[in-house]
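Just below is one structure, and these are the notes that go with it.
All figures in this text were calculated on a predicted structure; none of them were measured in a lab. Hydrogens, waters and symmetry mates play no part in the numbers below; they use all other heavy atoms, side chains included.
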Amino acid sequence: MVSILPFETSAGYPQKQLFKLNKITYSAFFQRNITAGIYTILIRRVSDEVLLYSGKLVEGFYNDIKNEITKEVLFTLYVKSLDEMEIWII
């Protein structure tokens with residue numbers, strides 16, 4: 001299954017969006033440093049506010065997002081396009 005993370009282009013940055021995967025709700029907080037040309041994302045599980053991932057977004061980049069205790073892969077984050085903010089969860 002592939003889904004695209006929600007991002008409202010007209011809202012600009014910073015931006016927080018919610019998404020649901022396997023009946024679990026997550027939040028994605030997007031930021032952009034215009035001067036440095038860097039995009040970042042924070043992903044948290046909403047139920048307990050646990051930070052699952054914090055990092056820079058780079059096109060073509062894959063990262064497995066894991067349960068912090070069991071290390072089970074919850075989903076994979078894939079940055080398809082920064083120009084269109086097309087970020088997939090696989």
Side-chain angles (χ1 to χ4, degrees):
M1 178 189 86
V2 174
S3 297
I4 297 174
L5 285 181
F7 184 83
E8 183 56 49
T9 306
S10 63
Y13 298 91
Q15 187 174 146
K16 182 178 181 181
Q17 296 288 345
L18 299 176
F19 67 97
K20 191 174 261 192
L21 182 64
N22 298 324
K23 299 183 182 179
I24 298 172
T25 303
Y26 301 93
S27 67
F29 183 69
F30 300 92
Q31 296 182 82
R32 180 180 179 202
N33 180 323
I34 295 172
T35 307
I38 296 172
Y39 298 84
T40 61
I41 191 169
L42 299 170
I43 298 177
R44 294 182 185 276
R45 188 173 45 232
V46 171
S47 62
D48 54 7
E49 284 299 312
V50 168
L51 179 64
L52 299 172
Y53 180 74
S54 174
K56 188 167 73 168
L57 295 173
V58 178
E59 281 191 24
F61 179 71
Y62 283 90
N63 192 0
D64 289 334
I65 308 302
K66 298 179 181 180
N67 179 296
E68 68 284 357
I69 296 169
T70 66
K71 305 304 181 202
E72 172 191 7
V73 175
L74 301 172
F75 56 91
T76 299
L77 183 72
Y78 171 60
V79 182
K80 178 147 171 84
S81 170
L82 286 174
D83 291 333
E84 298 172 12
M85 285 308 290
E86 188 174 341
I87 302 170
W88 296 2
I89 52 172
I90 304 168

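A pairwise comparison of heavy atoms in Gly12 and Phe7 identifies O-CZ, 4.1 Å as the closest pair. Of all heavy-atom pairs between Phe19 and Pro6, the closest is CB-CD, 3.9 Å.
Membership of the apolar cluster around Leu18 extends to Val46, as traced through chained side-chain contacts below 4.5 Å between ILVMFWY residues. Members clustered with Ile69: none, using a 4.5 Å side-chain heavy-atom cutoff among hydrophobic residues.
Between Phe61 and Tyr78, the ring center distance fails the sub-6.0 Å criterion.
Residue Leu21 holds its CG atom at 10.0 Å from OG1 of Thr25, rounded to the nearest 0.5 Å. The OG1 atom of Thr40 sits 8.5 Å away from atom CD1 of Ile38, with the distance rounded to the nearest 0.5 Å.
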When you look at Ile41 and Val79, which way does the side-chain contact (heavy atoms from CB on, under 4.5 Å) test go after all the steps? CA-CA 11 Å; Ile41 191 169; Val79 182; over 6 Å; no

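For the pair Phe30/Pro14, no side-chain contact is recorded, criterion being any heavy-atom separation below 4.5 Å from C-beta on.
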All N/O donor-acceptor pairs, side-chain side in residues 80-90, below 3.5 Å, sequence neighbours left out:
unit_1: Ser81; atom_1: OG; unit_2: Asp83; atom_2: N; d: 3.4
unit_1: Ser81; atom_1: OG; unit_2: Glu84; atom_2: N; d: 3.2
unit_1: Glu86; atom_1: OE2; unit_2: Trp88; atom_2: NE1; d: 2.8

Donor-acceptor pairs under 3.5 angstrom involving side-chain atoms of residues 50-57: please list them, not counting sequence neighbours.
none

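With sequence neighbours excluded, the residues forming a side-chain hydrogen bond (donor to acceptor under 3.5 Å, both in side chains) with Gln17 are Gln15, listed by chain and number. Tyr39 pairs by the ring pair (Phe, Tyr, Trp, His ring centres under 6.0 Å) definition with Tyr13, not counting sequence neighbours.
Residue pairs meeting the salt bridge (charged side-chain N to carboxylate O under 4.0 Å, His left out) criterion with at least one member in residues 62-77, sequence neighbours excluded: Arg45-Glu68.
A continuous path of Ile, Leu, Val, Met, Phe, Trp and Tyr side chains, each step under 4.5 Å between heavy atoms, connects Ile65 with Tyr26, placing both in one hydrophobic cluster.
Between the side chain of Asn22 and the main chain of Ile24, no donor-acceptor pair closer than 3.5 Å is present.
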